Amino acid sequence: MTAKSAAPPAKPKPGWRNAAQVDVARSRWAYAIGAVIGLLMAGFALFTAKGTSTLVVPPEDVALVNQQPISRVDFDLQIKALYNVTSSQATREQRQAVLNQMIREELFVQRGKELDVASVDADVRTAMVNAVEQGIGADVLASRPSDDKLMAWYVEHKDAYSNEGTMTVRDLVFPADVAPAAAQALKSGQKVDAVVAQFKGKDSGRVNGEEFYFAAKIHLGDQMFNAARALANGQASAPIPSSDGAHILYMVTNTAPVPKAFEEARAQVLADYQKAAITRLQSGDENFFRKRANVQIAEDLR
């Protein structure tokens, strides 16, 4: 029996490809297109990333100076401040003058950074410190404490919200051995000048006539001022020992401070409350800055 000859392979139908067959040309084109797309995406990301150079000025800015933006908002505010018109109402010359000035300022600021002006110029250093301090206190100034907090502050510091008191007091100095008798004579109502002459006293000259409380405190010192402010008109203090003898304070007139009502003192209470809050924040930030900084101090100042 004769073997049958093998049947010829079936011809593929027109328009069809075998799954095992690969179109080399089409694959190369696909790879090429994918590579180009990848390069385009990478280039876009590279040239639009923050800190990279670009030839396009963003719409929110009016210029870029070494890639540092000049804000359109700042530009408009500058025109308004100088010419009292909006940017659209300003003439071309006005807009150009403002823009040139802002570019000049930015160039000089950048050059100042290159020269590290802040480290050597006292005014610049002071301005930078003030700017940081104001930044720390910005939130405090922007917020408003409740009436309860302000009232608590007012009650705690009530002496600070009073009309300034005045006093006319004489500071008399006597020998220590006769000072008790001189004090007793003054308390009994004897004339001041007569007591001074009898017990060989003298006026210290520290105070002269009527003075505000704060001035009397400066002239007398804390101890004698506290003794004086407790005296009523016509009263004399007990002898106060000192290196130059014994001082006796005789009060001619004492007008004590009159506390202000809360509503009258409200503005000052708010200012003092905010000032204290800012001081606390600045102190906390200063401690934080010191902790994270490498501060080395000379041995003789440790």
Side-chain angles (χ1 to χ4, degrees), residues 37 39-147 149-150 153 266-290 292-293:
I37 293 174
L39 289 173
L40 290 174
M41 293 178 64
F44 178 80
L46 177 63
F47 288 104
T48 58
K50 186 177 180 180
T52 57
S53 298
T54 177
L55 299 178
V56 179
V57 178
E60 67 270 17
D61 302 320
V62 292
L64 295 176
V65 182
N66 293 325
Q67 300 304 306
Q68 290 298 315
I70 295 179
S71 168
R72 189 173 297 276
V73 173
D74 292 340
F75 175 75
D76 292 343
L77 291 174
Q78 189 79 343
I79 288 181
K80 182 69 174 178
L82 289 176
Y83 303 112
N84 197 29
V85 295
T86 64
S87 178
S88 60
Q89 294 170 336
T91 65
R92 176 178 176 80
E93 290 75 15
Q94 289 173 334
R95 290 195 295 269
Q96 197 65 42
V98 170
L99 180 59
N100 288 338
Q101 178 60 31
M102 296 182 77
I103 291 174
R104 178 183 185 275
E105 179 182 287
E106 180 59 35
L107 288 170
F108 276 68
V109 168
Q110 292 182 20
R111 181 55 177 164
K113 290 179 180 178
E114 292 175 358
L115 298 175
D116 199 13
V117 172
S119 66
V120 295
D121 187 277
D123 291 337
V124 176
R125 290 173 65 89
T126 300
M128 292 179 68
V129 171
N130 291 338
V132 173
E133 288 179 342
Q134 291 172 7
I136 293 172
D139 289 341
V140 174
L141 296 176
S143 62
R144 288 285 176 172
S146 65
D147 286 347
K149 290 182 178 179
L150 290 181
W153 177 272
R266 183 187 184 90
Q268 187 60 43
V269 172
L270 173 61
D272 292 346
Y273 179 92
Q274 290 177 328
K275 182 179 179 181
I278 290 172
T279 300
R280 288 195 301 271
L281 286 176
Q282 290 176 348
S283 178
D285 280 18
E286 180 184 351
N287 292 335
F288 171 72
F289 297 154
R290 278 181 171 268
R292 73 173 186 174

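The model shown is predicted, which means the values in this text are computed figures rather than measured ones. Counting from 1, the numbers follow the sequence of the chain as shown. Side chains included, hydrogens not; waters and symmetry mates left out as well; all remaining heavy atoms used.
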Could you tell me whether the side chain of R266 reaches within less than 4.5 Å of the side chain of D147, counting heavy atoms only?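 Yes, side chains in contact.
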Nearest 0.5 Å, what's the [atom1]-[atom2] distance between [X] and [Y]?
{"X": "L77", "Y": "K80", "atom1": "CG", "atom2": "NZ", "answer": "10.0 Å"}
{"X": "Q68", "Y": "L107", "atom1": "CD", "atom2": "CG", "answer": "11.0 Å"}
{"X": "R92", "Y": "L99", "atom1": "CZ", "atom2": "CG", "answer": "10.0 Å"}
{"X": "Y273", "Y": "L150", "atom1": "OH", "atom2": "CG", "answer": "7.0 Å"}
{"X": "R95", "Y": "D76", "atom1": "CZ", "atom2": "CG", "answer": "10.5 Å"}

Quick one: does any side-chain atom of [X] pair with a main-chain N or O of [Y] as donor and acceptor, under 3.5 Å?
{"X": "D121", "Y": "D123", "answer": "yes"}
{"X": "Q78", "Y": "Q101", "answer": "no"}
{"X": "S283", "Y": "T279", "answer": "no"}

Run the numbers on R104 and V65 for side chain to side chain contact (heavy atoms under 4.5 Å, CB included), then give the verdict. CA-CA 9 Å; R104 178 183 185 275; V65 182; over 6 Å; no
Carefully, step by step, assess I278 and K275 under the rule side chain to side chain contact (heavy atoms under 4.5 Å, CB included). CA-CA 5 Å; I278 290 172; K275 182 179 179 181; 5.8 Å; no
Applying side chain to side chain donor-acceptor pair (under 3.5 Å), name anything that partners E114, two or more places apart in sequence or on another chain.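 Listed in chain order: R111.
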Over all heavy atoms of both residues, which pair between L141 and Q274 is shortest? Give the atoms and the distance, please.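 Nearest pair, atom of L141 first, then Q274: CD2-OE1, 3.8 Å.
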I need the minimum non-hydrogen distance between P69 and L64, along with the two atoms involved.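 Minimum heavy-atom separation between P69 and L64: CA-CD2, 3.6 Å.
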With a cut-off of 6.0 Å (strictly less than), are more than 12 heavy atoms of other residues, nucleotides or ligands near CD of Q110?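 Yes - once you tally the heavy atoms of other residues, nucleotides and ligands closer than 6.0 Å, there are more than 12.
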Does CZ belonging to F289 count more than 12 external heavy atoms closer than 6.0 Å?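 Result for CZ/F289: enclosed.
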Dump the intermediate steps for side chain to side chain contact (heavy atoms under 4.5 Å, CB included) on I79 and V85, then the final yes or no. CA-CA 7 Å; I79 288 181; V85 295; 4.0 Å; yes
Is there a side chain to side chain contact (heavy atoms under 4.5 Å, CB included) between L270 and R144? Walk through the geometry before answering. CA-CA 9 Å; L270 173 61; R144 288 285 176 172; 2.4 Å; yes
